[in-house]
Amino acid sequence: MTDEKKPLLRSEKKLKSAALVQAYQKEWWNQTQERLRQGEPYAICMADDAEDIFTAFDIPVIVIPWWSAMISAKRMSEYYGNVLAAHGYDMDQYGSLGLGVTLDHRPEIAPWGGLPKPLVIMGTTMSDHALKITDLWAREYGCTCFTTELNYNTPTNPYPHRWWEKIRDHWDQVIEPHKIDLKVQELKGLIRFLEVHTGKEFSHAKLTEVMNLVNEQEDLWAKTRDLIAQSSPCVVTLPDQLSMYPAQWHRGKPQGRDIIKAFYEETLERVHTGQVACPREKIRMMWLGVGLWVNTAFFQYFEEEYGVTFVASIYTSIAADGYARTIKNNDPLRALASRFAWLGVQETEWLAHVAKQHHCDGVVGFQCGPRPQLWTRYLEKQGLPVCEIPGNNVDARQWDDVNIRNLMKDFIEKRILPNKKQAGRLKTDD
Amino acid sequence: MTAYERIVKHYQQRNLSALEWKKNGGKVIGYFCNNVPEELIMAAGFFPLRISGDPWEGTETAEGYRMPYPVVAFVETMMNKLLTGKYDFLDYLVIPHARDPIWRLWTQLHFVSELDPQIKLPEIYYYDNLHTTFYTSSVYNRDRTIELKKQLEKWSGKKIPAKALKKAIAITNENKRLLKEVAALRSADPPRISGLEALQIIGTSMCMPKEEHNRLLTAYLQDSESLPAHNGIRLFVEGSPLDNLQFYEVVESCGALVVAEDNCWGNRYSDVPISHTVNLFQSIVDRYLKKSPCPRMFPLQKRIDYCVQKAIESKAQGALFHIYVGDNLQAWEAPEEIKALRANGLPVAYLKKQPYLLSDTDKEGLRTEIKEFIKTL
Ligand code: SF4
């Protein structure tokens, strides 16, 4: 906790460690582009589908949501949305922008010239559309679509109570063994494929090193997350936490680990020196669901207007709670398989836990229909007020600022503040 | 009542046989999609009833269970029916790992006891299976199917004897053989059975005791000589699951006949029997995993080949793609299938983002589009 007696200082807006992650991201991208230009075999794959294998091989890998974000950052999502529509794909799916670039065959206007033909695109059964997109993309390139089963989206038996306390060390008790068995077989198939097609050898020692680095990095995330969750006022707000998220793309490398180490140290320093993100923090919120990339001014506005600090999201918390896997019986592949086959990122008990752990007064997320959705109803039952706002994380055009501000204003004034008042009164009454 | 009239009656009242079965002391297992082996359910002594959507059902209660994923109305109406007591007679429910909105029901229905404790649901079993046809997948699916068998045995309180399983396969294979005769009469020149009739004939197989359905089919087919010849432009239909007649009613009111389709409520349900290999169990599993691919399966090329093969075999003059709004699964594969059909000389009209419940205006719009298309053939 922050030492209440020290004067609270408004922290510098940007984290110093965010600059580190940006710099490394840039260096990595420059190197990767060079390697691709040299014709090195590389892979395209979904997030959390096989990256750590490629890292252990030292085969460059482009992660699909990251590439989509790069295309969006160049303000070309509308253009490639139109390209996709012209090919009959007018379904507005975020993960398809890269396919749009490839279908367009115009390197002269493509972001960074587009991507050359990869050795392999990892097909994924992660969702109905991701399976088709990866398949179509490989067809367009004329490369192999190496499809594997089981991923974080695979339906699972009811999650064990407080799974996040067990998954790191007791993953073999949490996840059905037959799922891990299959995932190990699939990863072995992939490793053989890559060995045959690249001439590279896959090393057990290297994979162990990668897994150890991942564990170190995620443990540091967890320690940082704990500091943030317990600090009041909060020392690192959500937008700043999210600016560190790209380090997750580099898990399994010393650089990824070192960046999160710096993040941890910086956070600790803020705690010690009483530098907080919003000195007049009154209300703490969790952002529910996928990233709110479209409108960071959103956070700013409610901070200034109502002293609202967004402190939690599933992104930072899943890095802390979901990724680390203790290697057992000297078998890093099995430990890794257990992560690919199972990640509790959408589990409701955990969502409520994240909100409570961060001492959130409320939760905000996107609507997905005319009435309160499942997550909302569940969290409300756990005593967490939820505000659903219209829009989605991809299309900025659907952001209705006036409407959203009014909804939030109502939520804060009619639900959060009275709740807090009541809680306060209860305290004094006691 | 003629055999066909009885089929129509059971298509309109899909729970009729199941309720009858219950009255006689039997138990009913509801299941989704085309990949749960009915043979096993039958061999265990249960009545397998395929859960179907209903365009007139509405989705109000189910909307309270939405998650941040695409929604498709035919599945949401199934959920609504489950939540509003339309299936309150079910003893058990099997949810397979099929398309996303179907398997996600497994996740969503888990919350019912917490969010709406007054709603009673049957015991639910999740039938895990995979979407690739690799060897490892067939072994994995076999093991999951053995688990399903064990669950059925637990529910029934007795072992499934190999004899019962063989008998069930013989019955469903006979059903498929008869339905293939129906398919042949449909694509005959001239067709003797319309698409509208066929959809009801096939659909009732999933909501009646198979032996009874076989008897009806046999009686119906005995008089096949006297079935009237149908005239009209021969069309093939590809697209979203058709658990109701609205679309074929529109198509066939335009002077066309649907001579075949690639659909889990149509020919795709019945076009491949279970073959007898050395391992009966693996034969069942491989039939469901590897034959007549449903759109959830990888790779796309198998789906394209299947679509083209079925369209060509049916000697259709053109193809209609009919895809519901929100049905991303079919929408993502349609463009390549359309390309392949056109490359095979078959003209195609693509009716995208279709509502599940058609209003009169929707129907008029569709008629205009279909008539325009027919003119070009
Ligand atoms: S197409 Fe396949 S997944 Fe979709 S409803 Fe039919 S059987 Fe189920």
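Just so it is clear: chains get the letters A, B, ... in the order the sequence lines come, proteins before strands, and each one is counted from 1.
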K.L.:
Between R296(B), E333(B), R303(B), which residue shows the highest count of heavy-atom pairs closer than 4.5 Å to chain A?
P.N.:
E333(B)
K.L.:
So for F111(B), is it side chain, backbone, both, or neither that comes closer than 4.5 Å to the heavy atoms of chain A?
P.N.:
side chain
K.L.:
Can you name the residues of residues 96-106 of chain B that have some heavy atom under 4.5 Å away from a heavy atom in chain A?
P.N.:
H97(B), R99(B), D100(B), P101(B), W103(B), R104(B), W106(B)
K.L.:
Heavy-atom distance under 4.5 Å to chain A: side chain of H110(B), backbone, both or neither?
P.N.:
side chain
K.L.:
Let me confirm one number: the CG-CG distance from L131(A) to L329(B), rounded to the nearest 0.5 Å.
P.N.:
8.0 Å
K.L.:
Find the distance between CG (D135(A)) and CH2 (W332(B)) and round it off to the nearest 0.5 Å.
P.N.:
11.5 Å
K.L.:
For the interface with chain B, which of H178(A), H129(A), K132(A) has the highest count of heavy-atom pairs at distances below 4.5 Å?
P.N.:
H178(A)
K.L.:
Which one of C145(A), G123(A), G189(A) has the most heavy-atom pairs closer than 4.5 Å to chain B?
P.N.:
C145(A)
K.L.:
Does NZ belonging to K302(B) count more than 12 external heavy atoms closer than 6.0 Å?
P.N.:
yes
K.L.:
Taking side chain as everything from C-beta outward and backbone as N, CA, C, O, which of these in K352(B) sits under 4.5 Å from a heavy atom of chain A? Side chain, backbone, both or neither.
P.N.:
side chain
K.L.:
Given that the side chain runs from C-beta out, which part of E147(B) has a heavy atom under 4.5 Å from chain A: side chain, backbone, both or neither?
P.N.:
side chain
K.L.:
I need the T376(A) OG1 to L115(B) CG distance, nearest 0.5 Å.
P.N.:
10.5 Å
K.L.:
To the closest 0.5 Å, what do you measure between CE (M91(A)) and CG (N328(B))?
P.N.:
6.5 Å
K.L.:
Do any N or O atoms from the side chain of E114(B) and from the backbone of Y378(A) form a donor-acceptor pair under 3.5 angstrom?
P.N.:
no
K.L.:
R139(A): which residues meet the salt bridge (charged side-chain N to carboxylate O under 4.0 Å, His left out) condition with it, sequence neighbours left out?
P.N.:
E336(B)
K.L.:
Using heavy-atom distances under 4.5 Å, tell me whether D181(A) contacts chain B through its side chain, its backbone, both, or neither.
P.N.:
neither
K.L.:
From F298(B) CZ over to T148(A) OG1, what is the distance, rounded to the nearest 0.5 angstrom?
P.N.:
10.0 Å
K.L.:
So do the side chains of L374(A) and T107(B) get within less than 4.5 Å of each other, counting heavy atoms only?
P.N.:
no
K.L.:
Out of T59(B), I338(B), T136(B), V71(B), which one racks up the most heavy-atom pairs below 4.5 Å with chain A?
P.N.:
T136(B)
K.L.:
Around atom CZ of R342(B), are there more than 12 heavy atoms from other residues, nucleotides or ligands closer than 6.0 Å?
P.N.:
yes
K.L.:
Pick one of side chain, backbone, both or neither for Q346(A), based on which atoms fall under 4.5 Å of a heavy atom in chain B.
P.N.:
side chain
K.L.:
Could you pull out the closest heavy-atom pair between R66(B) and C368(A), with the gap in Å?
P.N.:
CD-O, 3.0 Å
K.L.:
Sort D128(B) into side chain, backbone, both or neither according to what part of it lies under 4.5 angstrom from a heavy atom of chain A.
P.N.:
side chain
K.L.:
Are R377(A) and D116(B) within salt-bridge range, i.e. N to O under 4.0 Å?
P.N.:
yes
K.L.:
Checking heavy atoms, do the side chain of T125(A), its backbone, both or neither come under 4.5 Å from chain B?
P.N.:
side chain
K.L.:
Does any non-hydrogen side-chain atom of Q373(A) lie less than 4.5 Å from one of P68(B)?
P.N.:
yes
K.L.:
First locate atom CD of E186(A), then atom OG of S137(B), and finally report the distance between them rounded to the nearest 0.5 Å.
P.N.:
6.5 Å
K.L.:
By a 4.5 Å heavy-atom criterion (distance strictly below it), what part of T348(A) contacts chain B: side chain, backbone, both, or neither?
P.N.:
side chain
